[in-house]
There are 2 protein chains.
Amino acid sequence: MAVVFADRMQSLRASEIREILKITQRPEVISFAGGLPAPEVFPVAELQQVMARVLQEAGSRALQYSTTEGLEDLRRLITARLGSKLAVHVDFDDILITQGSQQALDLAGRLFLDKGSIVLCESPTYLAAISAFKAYQPQFVEVPTDEAGMDIGELEKILRTTAGVRLIYIIPDFQNPTGRTWSLERRRQFARLVGEYEIPVVEDNAYGELRFEGDHLPAVKASDPKGLITFVSTFSKTMCPGMRLGWLAAAPQLLEKYVLLKQGMDLHTSSLNQWAVAKFLELYDYDAHIQKIIQIYKSRRDVMIAALEEYFPPAARFTRPQGGLFTWVELPGQINAVELLRQSLALDVAFVPGDSFFPNGGVTNTLRLNYSNMPPERIREGIRRLATAIDHYPGRRRDLAGYTPSTFPPKCHIP
Amino acid sequence: MAVVFADRMQSLRASEIREILKITQRPEVISFAGGLPAPEVFPVAELQQVMARVLQEAGSRALQYSTTEGLEDLRRLITARLGSKLAVHVDFDDILITQGSQQALDLAGRLFLDKGSIVLCESPTYLAAISAFKAYQPQFVEVPTDEAGMDIGELEKILRTTAGVRLIYIIPDFQNPTGRTWSLERRRQFARLVGEYEIPVVEDNAYGELRFEGDHLPAVKASDPKGLITFVSTFSKTMCPGMRLGWLAAAPQLLEKYVLLKQGMDLHTSSLNQWAVAKFLELYDYDAHIQKIIQIYKSRRDVMIAALEEYFPPAARFTRPQGGLFTWVELPGQINAVELLRQSLALDVAFVPGDSFFPNGGVTNTLRLNYSNMPPERIREGIRRLATAIDHYPGRRRDLAGYTPSTFPPKCHIP
């Protein structure tokens with residue numbers, strides 16, 4: 001005999017983001033590659049207070065095994081916030097606390113996907129969701145997406161003509177990687193359609209609280225009479241990622257299955273961290289804290305957009321997100337973003353080539369830029385250098401004149 | 001269309017332990033059911049110090065995303081301890097920090113098991129390992145086990161005659177559920193045999209540090225020239241479970257795959273908790289702390305064994321563990337432990353019927369008793385009541401005379 005790995009291992013390979021992050025840990029690199037929140041807004045002093053209080057008041061209870069579902073206090077606080085901010089009205093026991101929202105994605109894959117099952121997603125979509133689902137060996141069908149969200153006509157066509165659709169994965173708010181937000185109309189059309197076809201949905205709302213301007217829109221989950229939608233979110237972007245606290249909200253018939261699965265995966269999420277975040281929400285003004293984050297990210301977005309306008313060639317197109325952590329750039333078609341990355345790394349600038357965000361690949365001229373993790377002067381300098389790399393891209397000057405962007409919206413057309 | 005769940009959901013059902021724990025949360029219940037460590041030995045004050053220090057010194061670094069592998073300092077501390085305590089000599093980058101040891105089991109299932117793959121395990125074996133592996137839909141083949149560990153002759157016969165063995169799962173130290181420890185001879189024979197057949201092994205060492213008497217034996221992993229053994233352990237039993245910190249040690253060619261899988265599952269384990277435990281190990285005397293736990297558990301084991309000797313019928317057989325958290329009782333064959341549980345719950349005493357620990361079921365007259373989580377007077381009283389329930393078991397007095405224990409060692413024969 002000999003060592004045999006599971007069949008699923010054939011479809012997994014090291015993430016491009018991960019390999020890049022290794023390169024970009026040198027301090028001189030200006031990295032637009034990660035999705036890291038700004039560490040200067042982590043509530044370090046507050047968490048110090050909170051940990052002291054929790055260990056004093058709850059003591060060993062905060063250090064013992066706890067239920068798989070999670071701490072009831074925390075689940076109640078999350079429920080209240082979902083109702084007030086996103087028009088999602090659920091009961092506290094519809095909430096399962098997860099090991100970051102990444103685990104919620106893994107759970108959804110485990111609940112719904114067999115080898116060959118079809119997952120629909122936006123094109124492009126979140127890289128780590130692709131990784132999470134890939135462990136279950138599905139086929140990805142990418143649904144065309146524009147500046148207002150998923151193309152509902154195309155979605156309907158796919159649902160009408162495709163057998164074996166098990167799950168639809170969407171990020172309607174400040175999408176990773178594009179920064180786009182679905183319009184209210186699209187949300188309604190989408191909810192109606194999945195209700196009609198009765199397809200389970202994962203709505204990933206990791207960034208929804210980080211809106212810089214405009215009004216909060218109701219989550220798609222706000223209209224889910226059949227209990228099809230698993231709503232996924234996290235404290236990673238509004239408090240800190242290092243405690244690994246996310247959650248999902250789902251109808252009871254799904255939640256009991258998620259709980260059963262999570263129990264076999266890791267028993268439960270850190271009790272201590274759950275107590276700490278619940279205490280933080282009790283003692284401090286979470287809204288005020290999030291406002292601080294928003295002010296910083298908004299100014300960084302402004303700096304990045306201004307620098308893109310100033311330095312990037314006119315043929316480049318990019319989104320102007322109303323919130324979240326990312327903008328998305330489409331370059332003239334002859335520029336290969338992976339090749340560009342090699343050149344920009346020589347200038348100590350990193351980003352993620354967009355190809356990684358298309359589960360079936362094939363789009364080579366896009367990039368994702370993160371603006372949350374760099375001070376403004378570094379953002380400006382990094383974009384300037386990246387523009388230099390583009391200007392020196394082999395053969396670029398030759399072909400650029402004839403370039404017309406495809407379905408991508410014109411520069412800055414979102415207010 | 002309609003909601004379709006993954007095929008694997010058919011083989012999963014709610015854990016018996018979990019349902020029982022729900023019943024036994026009433027404070028008046030004397031519960032031998034859980035595997036909970038004694039909360040009075042959690043280092044609450046020390047962790048308060050440690051959290052304050054970490055947040056002061058590392059600040060936002062302890063709250064940011066970190067690498068999937070885990071904090072290098074912590075991995076180095078674990079490596080040193082593995083070498084000094086268990087003769088397991090690995091490099092720090094052979095260590096992956098996991099969300100409790102439960103996640104390490106899930107990872108091993110994900111790496112090695114396809115639907116129908118064969119997993120070999122001790123008979124009986126750890127309930128939550130069965131749950132973890134079941135998500136990958138393997139077949140379990142139980143290897144007969146006696147007081148010295150797995151029956152190596154039987155193991156060899158199975159390996160010689162069975163195609164498709166992908167993984168062997170073992171708990172050589174203070175096994176859950178039996179409390180048994182493999183002899184040195186069995187460890188050597190086992191290591192030789194799996195090396196010959198080249199079968200991957202998961203060695204679960206959750207309890208190894210908690211030895212009450214006798215000498216520490218080298219881990220099976222101590223002799224693993226072909227890099228087949230994934231060694232799994234945890235801080236749950238020696239510090240506290242609520243931080244969910246475990247780890248696995250594996251050869252580089254396995255570790256890189258585990259890392260890739262974990263990345264898709266939850267990105268990484270809580271950075272803050274990793275910093276905290278590393279700081280604890282730096283500031284405090286971990287050996288002295290473990291000695292405190294050992295003293296308490298040893299005295300509780302003594303009380304439980306004495307009470308079993310005093311109150312249980314002579315035909316009952318039970319292990320006398322040299323460490324860990326559990327003893328294992330075999331009752332006369334006509335007593336069904338699930339039925340007995342119903343009766344003992346009426347007397348406010350809980351335990352786990354042993355059937356749950358046999359992946360293929362069929363053994364109805366055994367029980368697992370936990371002694372770590374109850375003060376001595378409650379242990380004594382609980383065993384007295386449990387004996388009462390046995391005495392009143394329907395039809396028992398009628399059949400008991402003709403009962404002969406099967407392969408089970410006589411009462412207290414260890415040591």
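Since we're looking at a predicted model, the values are computed, not measured. To find a chain, count down the sequence lines: A is the first, B the second, and so on, and within it residues start at 1.
Your options are B/L272, B/T98, B/V4, B/L254, and the one with the most heavy-atom pairs under 4.5 Å with chain A is B/V4. If you tally non-hydrogen atom pairs under 4.5 Å between each of A/A52, A/G59, A/P43 and chain B, the highest count goes to A/A52. By number of non-hydrogen pairs under 4.5 angstrom with chain B, the leading residue of A/A135, A/G109, A/A276, A/C240 is A/C240. Put simply, of B/T269, B/L167, B/L105, the one with the most heavy-atom pairs under 4.5 Å next to chain A is B/T269. Contact tally against chain A (heavy-atom pairs below 4.5 Å) for B/M243, B/Q103, B/M265: the top residue is B/M265. In terms of heavy-atom pairs under 4.5 Å with chain A, the best-connected choice from B/S66, B/S117, B/P200, B/P37 is B/P37. Chain B forms the most heavy-atom pairs under 4.5 Å with one residue out of A/M239, A/Q64, A/M51, and that residue is A/Q64. Contact count versus chain B (heavy atoms, under 4.5 Å) is highest, among A/V44, A/D266, A/L63, A/N273, for A/L63. Ranking A/Q274, A/Q48, A/Q49, A/K226 against chain B, the residue ahead of the rest is A/Q48, based on heavy-atom pairs under 4.5 Å. Chain B forms the most heavy-atom pairs under 4.5 Å with one residue out of A/S60, A/G246, A/S101, and that residue is A/S60.
A donor-acceptor pair under 3.5 Å is formed between the side chain of B/R244 and the backbone N or O of A/H268. Side chain of B/E156 to main chain of B/L193: no donor-acceptor pair is present (N/O by atom type, distance under 3.5 Å, no hydrogens or angles). The closest donor-acceptor contact from the side chain of B/K279 to the backbone of B/V50 lies at 3.5 Å or more, if one exists at all. A/Q137 places no side-chain N or O within 3.5 Å of a backbone atom of A/M9 that could act as its donor or acceptor partner.
In this structure, the portion of A/S236 lying under 4.5 Å from any heavy atom of chain B is its side chain and not its backbone. Heavy atoms closer than 4.5 Å to chain A are found in both the backbone and the side chain of B/Q56. A/I130 does not touch chain B: none of its heavy atoms, backbone or side chain, sits under 4.5 Å away. Residue contact with chain A, scored on non-hydrogen atoms closer than 4.5 Å, involves the backbone of B/L113 exclusively. Proximity to chain B (any heavy atom under 4.5 Å) is restricted, for A/L228, to the side chain, taken from C-beta onward.
In plain terms, the two heavy atoms of B/L325 and B/G35 that are nearest each other are CD2-O, 3.4 Å.
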Report task. Determine, stepwise, if the pair B/Y197 / B/I168 fulfils side-chain contact (heavy atoms from CB on, under 4.5 Å). Result -> CA-CA 11 Å; B/Y197 281 87; B/I168 308 177; over 6 Å; no
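Listed by first and then second residue, the salt bridge (charged side-chain N to carboxylate O under 4.0 Å, His left out) pairs involving residues 36-47 of chain B are B/E40-B/R300 (not counting sequence neighbours). Annotation: salt bridge (charged side-chain N to carboxylate O under 4.0 Å, His left out) contacts involving residues 105-120 of chain B, sequence neighbours excluded, comprise A/D106-B/R110, A/R110-B/D106, B/D7-B/K115, B/D114-B/R166.
A 4.5 Å side-chain heavy-atom check between A/F112 and B/V3 finds at least one atom pair inside the cut-off. Counting heavy atoms from C-beta on, the side chains of A/T230 and A/Y258 come closer than 4.5 Å.
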